[in-house]
Amino acid sequence: MNYWLIKSDPETYGWDEMKEDQETFWDGVRNYQARNFMKLMEIGDICLFYLSNKEKAICGEVVISKSFYQDPTTDDDKWVAVDVKFKRTYQKLIYLKDIKETEGLEQMHLVKNSRLSVSPVTPSEYKIISNLEAS
DNA sequence: GCCAACGTTGGC
DNA sequence: GCCAACGTTGGC
């Protein structure tokens with residue numbers, strides 16, 4: 001089982017919509033690096049849901065409910081989508097600012113390459129983030 | 001709203 | 001195949 005971080009602009013698709021839909025497909029990724037990570041996602045993998053721009057915080061978790069398939073929003077077979085299911089809302093938002101200040105998280109793609117919309121999270125990073133949520 | 005960082009495109 | 005120009009993203 002793997003951990004990931006997926007990014008969404010709340011203006012496009014926010015956490016409230018995710019919660020209401022319960023399940024949705026994650027499409028529209030047009031970046032090879034992100035696409036390659038999506039292809040590695042398996043059912044049951046946990047994705048941290050990050051809100052860019054306005055919030056700049058991780059707000060909860062979703063679970064992969066279907067592994068990659070051709071992105072239905074384009075004819076171009078280069079691109080893929082996955083299905084994700086709502087899991088839970090964090091007790092508090094974990095802000096980018098705090099992530100940057102936390103030891104052990106400075107190597108995260110989110111910190112080093114903020115433009116990558118899908119990125120892997122290591123088990124130890126996941127654990128540190130869980131601790132931040134509980135603290 | 002600005003701008004840095006990054007990816008992509010296209011001319012040579 | 002190189003690299004300049006351009007577009008997009010996202011933090012500030």
Side-chain angles (χ1 to χ4, degrees):
Chain A
M1 161 146 116
N2 295 300
Y3 301 99
W4 308 94
L5 182 139
I6 56 176
K7 208 182 291 185
S8 185
D9 179 356
E11 303 241 334
T12 313
Y13 192 85
W15 189 238
D16 290 342
E17 288 163 275
M18 183 72 238
K19 216 182 324 188
E20 200 177 307
D21 290 346
Q22 282 295 309
E23 189 162 10
T24 189
F25 58 98
W26 207 257
D27 67 326
V29 172
R30 297 290 182 268
N31 171 288
Y32 286 104
Q33 220 184 335
R35 192 274 316 264
N36 292 340
F37 289 136
M38 284 174 84
K39 287 190 168 181
L40 296 173
M41 289 173 166
E42 290 171 1
I43 292 174
D45 282 0
I46 289 177
C47 294
L48 308 180
F49 198 104
Y50 177 82
L51 298 169
S52 63
N53 293 319
K54 200 155 182 279
E55 299 287 353
K56 281 171 287 185
I58 297 168
C59 57
E61 293 178 357
V62 294
V63 182
I64 301 295
S65 55
K66 188 176 178 186
S67 58
F68 79 93
Y69 53 95
Q70 154 85 45
D71 188 335
T73 62
T74 176
D75 290 332
D76 195 336
D77 61 12
K78 281 203 298 282
W79 307 112
V80 303
V82 295
D83 286 0
V84 296
K85 212 161 105 186
F86 177 83
K87 189 180 180 215
R88 68 190 189 92
T89 301
Y90 280 173
Q91 295 165 42
K92 62 177 193 188
L93 294 173
I94 299 172
Y95 291 99
L96 179 61
K97 182 173 162 291
D98 297 325
I99 291 168
K100 282 183 168 171
E101 287 171 357
T102 303
E103 208 176 326
L105 297 181
E106 51 292 276
Q107 293 302 314
M108 287 185 73
H109 286 259
L110 180 66
V111 175
K112 296 185 74 177
N113 177 9
S114 62
R115 296 192 53 203
L116 191 60
S117 59
V118 176
S119 60
V121 174
T122 67
S124 72
E125 286 164 352
Y126 179 78
K127 202 169 167 220
I128 294 168
I129 289 165
S130 304
N131 289 340
L132 282 182
E133 186 206 355
S135 66

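- In this view, A:D77 satisfies the side chain to side chain donor-acceptor pair (under 3.5 Å) rule with no residue, not counting sequence neighbours.
- Across all strands, A:K100 comes closer than 4.0 Å only to sugar-phosphate atoms, never to a base (heavy-atom distances).
- In this view, A:P123 and A:Y3 satisfy the side chain to side chain contact (heavy atoms under 4.5 Å, CB included) rule, not counting sequence neighbours.
- The aromatic rings of A:Y32 and A:W79 lie tilted to each other, with the angle between the two planes from 30° to 60°.
- Residues meeting the side chain to side chain contact (heavy atoms under 4.5 Å, CB included) test with A:K39, sequence neighbours left out: A:R35, A:F68, A:V80.
- Remark: nothing in residues 48-62 of chain A comes within less than 4.0 Å of DNA chain B through any heavy atom.
- Annotation: A:Y50 is not in aromatic contact with A:W15 [ring centroid separation under 6.0 Å not met].
- Under the 6.0 Å distance and 45° angle rule, A:K92 does not count as a cation-pi partner of A:Y90.
- Remark: C1' of C:dG10 and NE2 of A:H109 are 17 Å apart, rounded to the nearest angstrom.
- With sequence neighbours excluded, no residue forms a salt bridge (Lys or Arg N to Asp or Glu O under 4.0 Å) with A:R115.
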* **Derivation and outcome, side chain to side chain donor-acceptor pair (under 3.5 Å), residues A:Y13 and A:D21** => CA-CA 11 Å; A:Y13 192 85; A:D21 290 346; 2.7 Å; yes
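- Across all strands shown, A:L116 has no heavy atoms under 4.0 Å from either base or sugar-phosphate atoms.
- Atoms CE (A:M108) and P (C:dG11) sit 13 Å apart, rounded to a whole Å.
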* Could you encode protein contacts along nucleotides 4-9 of chain B as a string, one character per nucleotide from 5' to 3', using B for base contact, S for sugar-phosphate-only contact and - for no contact, with a heavy-atom cut-off of under 4.0 Å? => -BBSS-
